[in-house]
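Contents: one structure, followed by commentary.
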Protein chains: 2
Amino acid sequence: MGRKDANQRTDHVLAAIRDAIIARRLRPGQRLRELELAELFGVSRTIIRAVLQQLATAGLVRIEANKGASVDLPSHDEIAGLFQARAIIEMGIVARLCSTTHPDLIQRLRAHIELEQSAIDASDYRQAIALLGEFHILLAQAAENESVNAFYRSLVLRTSLIVSAIEAPADSTCRTEEHSELLDLIEKGNVQAASMCVWNHLQEIQTSLRVAAEKGEQDYHPLQHLFLRESLAK
Amino acid sequence: MGRKDANQRTDHVLAAIRDAIIARRLRPGQRLRELELAELFGVSRTIIRAVLQQLATAGLVRIEANKGASVDLPSHDEIAGLFQARAIIEMGIVARLCSTTHPDLIQRLRAHIELEQSAIDASDYRQAIALLGEFHILLAQAAENESVNAFYRSLVLRTSLIVSAIEAPADSTCRTEEHSELLDLIEKGNVQAASMCVWNHLQEIQTSLRVAAEKGEQDYHPLQHLFLRESLAK
DNA sequence: GCAACAAAAAATGTATACAAGATGAAATCG
DNA sequence: CGATTTCATCTTGTATACATTTTTTGTTGC
């Protein structure tokens, strides 16, 4: 019924399921049955299908023909590809930033790094990890390009899902010195070194994640038959 | 009715409409009414809606709540953003290619440039334009990253729609010498210069397109009430 | 004539009905 | 007892029906 609040239900359901995936209340591999979700949200399957399709194009959900949808579970190769993609995008952005000067931008990023450092000093690891990840988002925003931004954000979203999925230890996240070093290189306009810095930085994260993943793979057992109702309750 | 050929109808309709947009049989701004399309393809609105939604996420179609879908008509700012995005991605790819040697890849791209040159020499402009555009696709493929590739292809698709939409003259497309120069720089591993080359290259295309667009804007009058049936006939 | 309003037509948003593939358990055969 | 087939059930795929919004049309008053 084309109501005044058109697509509002769709958007609400979309946000709810996406948030549940991000918060890992819905684990990779979890099946998402249309009728179940429809009843849970009090809407029809029509809306659920639209939502699932959108989540699938965002790469959060996998849909198989005649088999239905489930939270996406990327392979090791796909994970490597996602990190590589992030590196490529960031190198492009860095190259752009190197060619022109952005004093205010650099200053803002430096301020962010100070936040990182003080969180680390205060041993607030939860906050520190969040800030370390946010640095990359800010860097991408610096490109001031909507398309690139949206794409990069979707890459970060998917990679951070992986990070949290394998309960990565703190040392497999960014190091604040490298962020600082990158800013120095950008300021100097050294594209060559800045690119390498970015590449190595993301490469490090990825390899340390792979190690953590392989270590944790033994005690990984997908909790089957999770209750959607609880998983989706915010 | 969940049939053996699941999603086949959807895919067929999707391809048909997308091809029509690419081939400019469907012009930007053209309204896409669900019932009309449904009857044309002999399917239900359900399928048409799924297709339109997918086209919308691909950026080819714009959907307004309660108003329906139409072929996307990007603003000048959006066009600039798309070209800038292409440049950023290509700079990232180029930075990647510079850091390691890819003799076979360089050779393939050089072979492609020879094709460009011979098409130009033979005054086969149609072929030349296609080849000049294809160079960028090949370059993107060189990154060997599925995510980046898919994203870049969608950017190229949307920008080439614009190129054909404004009936750009030949001199607003790539120049083969610049492609050759870029390869030289990659081979030397000069990230700095290669990045600038890419940026300037796409900047040139964009500005010459803008000029062409402004020139052609007078005699642009959207053919209203085009017949969908004819537009979609392959 | 034309501006404003009212009713009708058309188009989209959502729910539901039904068809067909997928799944799993019971039944059958070796 | 184990492998295989069959059938009941579940789930997805598609069509259609109905509600609500938008757009068009027609009419009235000035």
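Heavy-atom basis, side chains included; hydrogens, waters and symmetry copies ignored. Letters A, B, ... are given to chains in the order of the sequence lines, protein chains preceding strands, and every chain is numbered from 1.
At whole-Å resolution of the value, CD1 in B:I48 and C1' in C:dA11 are 14 Å apart. Atom pair A:R45:CZ and D:dT12:P shows a separation of 7 Å (rounding to whole Å applied). Computed from coordinates, the A:E39 CD to C:dT16 C1' distance equals 13 Å when rounded to whole Å. For A:L35 and D:dC10, the CG to C1' distance is 10 Å, given to the nearest whole Å. In this structure, A:L37 places its CG atom 17 Å from C1' of C:dT14, rounding to the nearest Å. Straight-line distance from the CD atom of B:E64 to the P atom of C:dA11: 16 Å, rounded to whole Å. Residue B:E36 contributes atom CD, which lies 9 Å from atom P of C:dT12 at whole-angstrom precision. Remark: C1' of D:dT14 and CZ of B:F41 are 17 Å apart, rounded to the nearest angstrom.
For B:R33 and A:V43, each mapped to the nucleotide of DNA chain C holding its nearest heavy atom, the one lying further toward the 5' end belongs to B:R33. Between B:T46 and B:R31, the residue whose closest nucleotide on DNA chain D is further toward the 5' end is B:T46.
Listed candidates were C:dT14, C:dT12, D:dT23. Nearest to the side chain of B:K67 is D:dT23. Out of D:dT12, D:dT14, C:dT14, the shortest distance to the side chain of A:N66 is found at D:dT12.
A centroid separation of 6.0 Å or more is found between the aromatic rings of A:H179 and A:H112.
Judged by distance alone, the side chains of A:H102 and A:T100 do bring a donor and an acceptor atom under 3.5 Å apart. At a cut-off of 3.5 Å, with distance as the only test, a side-chain donor of B:E90 or B:H136 sits close to an acceptor on the other residue.
Between the side chain of A:S75 and the backbone N or O of A:E78, at least one donor-acceptor pair lies under 3.5 Å.
For the OP1/OP2 pair of C:dA15 and a distance below 4.0 Å, the side-chain nitrogens and oxygens of A:S44 include at least one atom meeting the criterion.
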